[in-house]
Amino acid sequence: MRHYLDTADLSASETQQLIELGMDIVKNKDKYADICARKKLATLFFEPSTRTRLSFEAAMLELGGSVIGFSEANSSSTSKGESVSDTVKVVSGYADIIAMRHPIEGAPRVASYKSNVPVINAGDGGHSHPTQTLTDLFTIYREKGSLDNLTIGLCGDLKFGRTTHSLIKAMCRYSNVRFALISPKELAVPDYIKTDYLDAGTTQYAEFDRPDAIMPELDILYMTRIQRERFFSEDEYLKHKDAFVLNLEKLRGAKKDLTIMHPLPRVNEIATEVDSDPRAKYFEQTLNGKYIRMALIITLLRLAGTIE
Ligand code: CP
């Protein structure tokens, strides 16, 4: 059974096939309208979500399938003490594929050991968010036509921001990618990401506490919010919450074809005046999330032999 728990669960060539399937879905939506007829997706969300859960649900509905699930732990029997493993064992009898978000790192992997159907990690604690990464790769590919030869600025909370961890892991597989890691020192990329991914290959990177100097070199600026829910104290959060706010003034000197991305939700790290700048692609990014999740559902159900 193939699950999708980490970006490494699909090889670079499988990821490329997924991106190409996503491109075909964008162009030929009708072709896929019934491909998941009579199949069910279960969305088990133990943590809040707008984009990930609803884009998964929209994806399955647009593929002709249906959706069951819950959007908070309190509305499931987890509140009575049921384990994640038992929950998933039960739900895998009701659904053909499961998307799970959980606050505990590794919970979707534990769930996958008990599941009879593919499990997708829809975000686990501060660890990883691989379908956001597929969304990001798809967006970069649609904007730039390639995933090679890019200088990418990651800006904000790079310690707790699981989307940036997954994106680094994924982009390290492409040629001539350079990362500018822009964050307060206390919110820098964890050491394991540096040793296991950035230092392990040929990817170049440098750390900055402000984006100004590197801004003119960036092809992609990937903004992230400061992850309030993962701080141990409110004072620590307040100290960093306005570490960097992108506005039009700060974009002076940036490339004309810069792509500005953000996994959303935004708090105040991008001023709303930036939304109308043609370089702002974060709302297109959310729509791309639906298309690439459609491609992922089709791919995993095909691998499981559930659909043709
Ligand atoms: N980008 C993202 O994961 O958003 P949600 O938390 O709303 O799902």
Side-chain angles (χ1 to χ4, degrees), residues 4-7 22 41-62 67 69-76 97-108 111 119-140 142-143 152 154-171 220-231 237 241 246 259-270 272 274-275 280-297:
Y4 189 64
L5 305 168
D6 189 89
T7 46
L41 164 76
T43 50
L44 310 186
F45 275 62
F46 296 85
E47 261 197 343
S49 167
T50 297
R51 276 145 293 271
T52 311
R53 184 172 66 82
L54 296 181
S55 65
F56 262 119
E57 296 186 355
M60 191 51 155
L61 293 173
E62 290 188 26
V67 178
F70 53 81
S71 57
E72 53 176 322
N74 284 342
S75 64
S76 77
I97 187 164
I98 294 171
M100 176 192 279
R101 171 170 288 188
H102 202 284
I104 297 177
E105 296 162 11
V119 174
I120 300 169
N121 179 0
D124 61 330
H127 176 232
S128 148
H129 191 353
T131 66
Q132 179 64 47
T133 304
L134 291 178
T135 302
D136 300 340
L137 297 181
F138 190 52
T139 301
I140 294 170
R142 288 192 77 183
E143 293 299 322
I152 303 174
L154 302 178
C155 183
D157 181 350
L158 306 187
K159 178 180 179 184
F160 297 116
R162 59 193 175 193
T163 61
T164 58
H165 303 168
S166 296
L167 187 57
I168 290 171
K169 288 184 202 175
M171 289 304 297
I220 308 282
L221 175 58
Y222 191 98
M223 298 294 299
T224 61
R225 92 189 146 88
I226 306 295
Q227 305 258 316
R228 181 180 205 155
E229 68 276 27
R230 310 215 190 275
F231 278 81
Y237 166 72
K241 83 177 177 62
L246 185 67
T259 297
I260 304 168
M261 298 172 62
H262 190 309
L264 304 182
R266 146 176 73 181
V267 183
N268 59 347
E269 55 281 355
I270 302 181
T272 52
V274 177
D275 297 359
K281 299 294 178 188
Y282 28 92
F283 290 110
E284 283 92 332
Q285 196 180 346
T286 62
L287 190 54
N288 286 334
K290 181 183 72 175
Y291 295 127
I292 204 70
R293 289 181 175 105
M294 289 168 82
L296 181 64
I297 290 168

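What you see is a predicted model; the values in this text were computed from it and never measured. Every number for a ligand or one of its atoms is a count from 1 in the order of the listing.
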- If you measure from the Lys or Arg side-chain nitrogens to the Asp or Glu carboxylate oxygens, is any gap between D6 and K169 under 4.0 Å? yes
- Item | Heavy-atom gap R101 to ligand 1 smaller than 4.0 Å | yes
- Task: Test side chain to side chain contact (heavy atoms under 4.5 Å, CB included) on T286 and T135 and set out the steps.
- Result: CA-CA 8 Å; T286 62; T135 302; over 6 Å; no
- Short list, please: which atoms of ligand 1 are under 4.0 Å from a heavy atom of T52? 2 (C), 3 (O), 4 (O), 5 (P), 8 (O)
- Message: For ligand 1 and L264, I'd like to know whether there is a polar contact (N/O to N/O, distance under 3.5 Å).
- Response: yes
- Item | Geometric class of the F70/F46 ring pair [parallel <30°, tilted 30-60°, perpendicular >60°] | perpendicular
- Query: Hey, is T163 touching ligand 1 through its side chain, its backbone, both or neither, going by heavy atoms under 4.0 Å?
  - Reply: neither
- For atom 4 (O) of ligand 1, closest protein heavy-atom neighbour: R51 NE, 3.0 Å
- Query: Does any donor atom in the side chain of H129 or R101 lie under 3.5 Å from an acceptor atom in the other side chain?
  - Reply: yes
- Could you list which atoms of ligand 1 come closer than 4.0 Å to a heavy atom of T50? 5 (P), 7 (O), 8 (O)
- Nearest heavy-atom pair of T52 and S49: which atoms, and what distance? N-OG, 3.3 Å
- Message: If you apply the rule side chain to side chain contact (heavy atoms under 4.5 Å, CB included), what do you find for L264 with R51, and how did you get there?
- Response: CA-CA 8 Å; L264 304 182; R51 276 145 293 271; 3.6 Å; yes
- Message: I want to know if ligand 1 touches P265 in the polar sense, i.e. an N/O pair below 3.5 angstrom.
- Response: no
